[in-house]
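Residue indices begin at 1 and follow the sequence shown. Side chains are part of it too, since the values below use all heavy atoms of this structure and drop only hydrogens, waters and symmetry mates. Numbering of ligands and ligand atoms starts at 1, following listing order.
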Amino acid sequence: MIDFLEKQLMRRISSDQWIECRDRLNNLPPIWKMGNGIHIVTGYREACDVLANKKISSEFIRKLSDEALRFGRIDRVNRIIKNSFALRDGVEHLFLRELVAPIFLPKQLQTIFGKTEEDAKNLIDGALEKADSIDIVEVLARRLPILVNCQILGLPYSKQDELRLMIDALVAEIEFDPINRNETELLNLIDLIDSFKSKPVPRWLDPLVTALHQNRISELDFEATILLLMISGYGTATVGIGSSALNLFAQDQAFSKLKNGTYQTENFIYESLRLNPPVTLLSRSAAENLEIGDHAIPKNELILIHMGAACRDPNIFEDPHDFNPHRINKAQLIFGGGAHFCLGRLIGLHQIEASLRALLNYPLLIQAPIQNIAFHPYKIIQGPLSLPVKIDAQTMLT
Ligand code: HEM
């Protein structure tokens, strides 16, 4: 049975399979050691405990040799990815995190939010002006986060397509996706990252640039931080928008319930993300021998937090497979926990909210049976690959 679960847990599981899988999980501890030696965490409380534990390290991936794990054929790209502060511990992590914190202060966020609202509306209005049928993932979910990236990095919107090509190439590299690998775009990306060292930047990036010029951080730290800002909010927000938009069609009368306030938008989004967490696995290692509950994890062993399972933990969420936006407890775990808690949570949530609002302006029908909507297979960032919808001409006429 454990063998079955190990195989199932490492891939994406559809809602139907979850019920079977979760029933079996209920008979197992919320954290256990798999046959391959990795400790897998499927309990919500245990996941929070692991993330908050001071003896946990995020450095595991970063420390793996190039032979064991290499992101990309270009050495520099590999080094930049591995140097990200998301994969570091202690003061180094904290210092770099603080340097970018100004981006996420309420004052800056208000500027970003206003523009995001307008951009989501323009993307949907523009697409539906051109055609009655659109793919929400293509015209909105994959575009809005790039516009937000342009805002954060101070790039003009005219650069959005170029930026998207570069970040897609980076994603392909990180996901070991041979079909979409693109060396030319990766080299362009490196040039772009380098350009931030000398060009004027938005004021919220000043602390980072100043730290570089005063030699308080290395060039590699700087490059890795710019790259993290580009990548961390792209796939996550894209699939977050996709999964939440999917629920507009998968849940009975979601359009009207959101419009008339029966569903609160934020609760609707959290519930959508709880059932399909954008980041499906978090990896950590034990910096020292430690115990989570009565489960011992020896020093240096690897821990994987399975967000999909933890966010459907029946000890925390009643009827965990049901979509219920009236739940009192929100699954904050979707955005991680402890020292690495998502810096861009509010930006991500706002993009999803702006997207739903833009979609609610139209009577839309989904063009495929819900169960046929394909999700990214076997990827850490998971959400619908496409969401084809069309204007409901009849409602439009009436
Ligand atoms: C729905 C959207 C999003 C989701 C579900 C999400 C989820 C997460 C999760 C789970 C982590 C923790 C990773 C770990 O502990 O290993 C994380 C970290 C992070 N996120 Fe997000 N994220 C979202 C949007 C964004 C956006 C829009 C940005 C920035 C523009 C962003 C920036 C970051 C950064 C910089 C970190 C690293 C924090 C650190 O290591 O200290 N995220 N995110």
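Within ligand 1, the atoms closer than 4.0 Å to a non-hydrogen atom of Gly336 are 10 (C), numbered from 1 in the order shown. Atom numbering of ligand 1 starts at 1 in the shown order; those under 4.0 Å from a heavy atom of Ala86 are 40 (O). Per-residue contacts place His93 under 4.0 angstrom from the following atoms of ligand 1 (heavy atoms of the residue considered): 39 (C), 40 (O), 41 (O). Here is the list of ligand 1 atoms found below 4.0 Å of a heavy atom in Ile334: 5 (C), 7 (C), 10 (C). Residue Leu282 has at least one heavy-atom neighbour below 4.0 Å for each of these atoms of ligand 1: 13 (C), 14 (C), 16 (O).
Closest to atom 35 (C) of ligand 1 among all protein heavy atoms lies Ser232 OG, 3.7 Å. Closest protein heavy atom to atom 24 (C) of ligand 1: Thr236 OG1, 3.5 Å. Of the protein's heavy atoms, Leu343 N, 4.2 Å lies nearest to atom 36 (C) of ligand 1. From the protein, the heavy atom lying nearest to atom 26 (C) of ligand 1 is Gly233 CA, 3.3 Å. Closest protein heavy atom to atom 11 (C) of ligand 1: Phe335 O, 3.9 Å. For atom 21 (Fe) of ligand 1, the nearest protein heavy atom (residue, atom name, distance) is Cys342 SG, 2.3 Å.
Inclusion of Gln351 in the set of residues having an N or O under 3.5 Å from an N or O of ligand 1 is not warranted. Note: no N/O pair closer than 3.5 Å links Arg345 and ligand 1 by distance alone.
In this structure, Asp132 contributes its side chain and Ile391 its backbone to no donor-acceptor pair below 3.5 Å.
The option with the heavy atom closest to atom 41 (O) of ligand 1, from among Arg88, Met230, Arg97, is Arg97. When the options Gly344, Pro277, Ser58, Gly383 are ranked by their closest heavy atom to atom 28 (C) of ligand 1, first place goes to Gly344. The residue among His340, His350, Arg284, Glu98 with a heavy atom at the shortest distance from atom 16 (O) of ligand 1 is Arg284.
Using the six-membered ring where Trp is involved, Phe317 and Tyr44 have ring planes that are perpendicular, over 60° apart on the 30 and 60° scheme. Using cut-offs of 30° and 60° on the angle between ring planes, the pair His350 and Phe113 is parallel.
Checked for salt-bridge contact, Arg274 and Glu271 meet the test: a charged N lies under 4.0 Å from a carboxylate O. Taking the charged nitrogens against the carboxylate oxygens, Lys82 and Glu173 have no contact shorter than 4.0 Å, which rules out a salt bridge. Looking at Asp168 and Arg142, a side-chain N of the basic residue comes within less than 4.0 Å of a carboxylate O on the acidic one, giving a salt bridge.
Within 6.0 Å of NZ in Lys197 there are more than 12 heavy atoms belonging to other residues, nucleotides or ligands. No more than 12 heavy atoms of other residues, nucleotides or ligands sit less than 6.0 Å from atom NZ of Lys121. More than 12 non-hydrogen atoms from other residues, nucleotides or ligands lie less than 6.0 angstrom from NZ of Lys115.
Looking at Ser58 and His340, their side chains do bring a donor and an acceptor atom within 3.5 Å of each other.
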**Request:** Could you give me the CA-CA distance, side-chain angles and deciding distance for Arg164 and Glu138, then say whether salt bridge (Lys or Arg N to Asp or Glu O under 4.0 Å) is met?
**Result:** CA-CA 12 Å; Arg164 184 156 82 133; Glu138 193 46 48; 3.4 Å; yes
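Only the side chain of Ile152 comes within 4.0 Å of ligand 1, counting heavy atoms alone; its backbone N, CA, C and O stay farther away.
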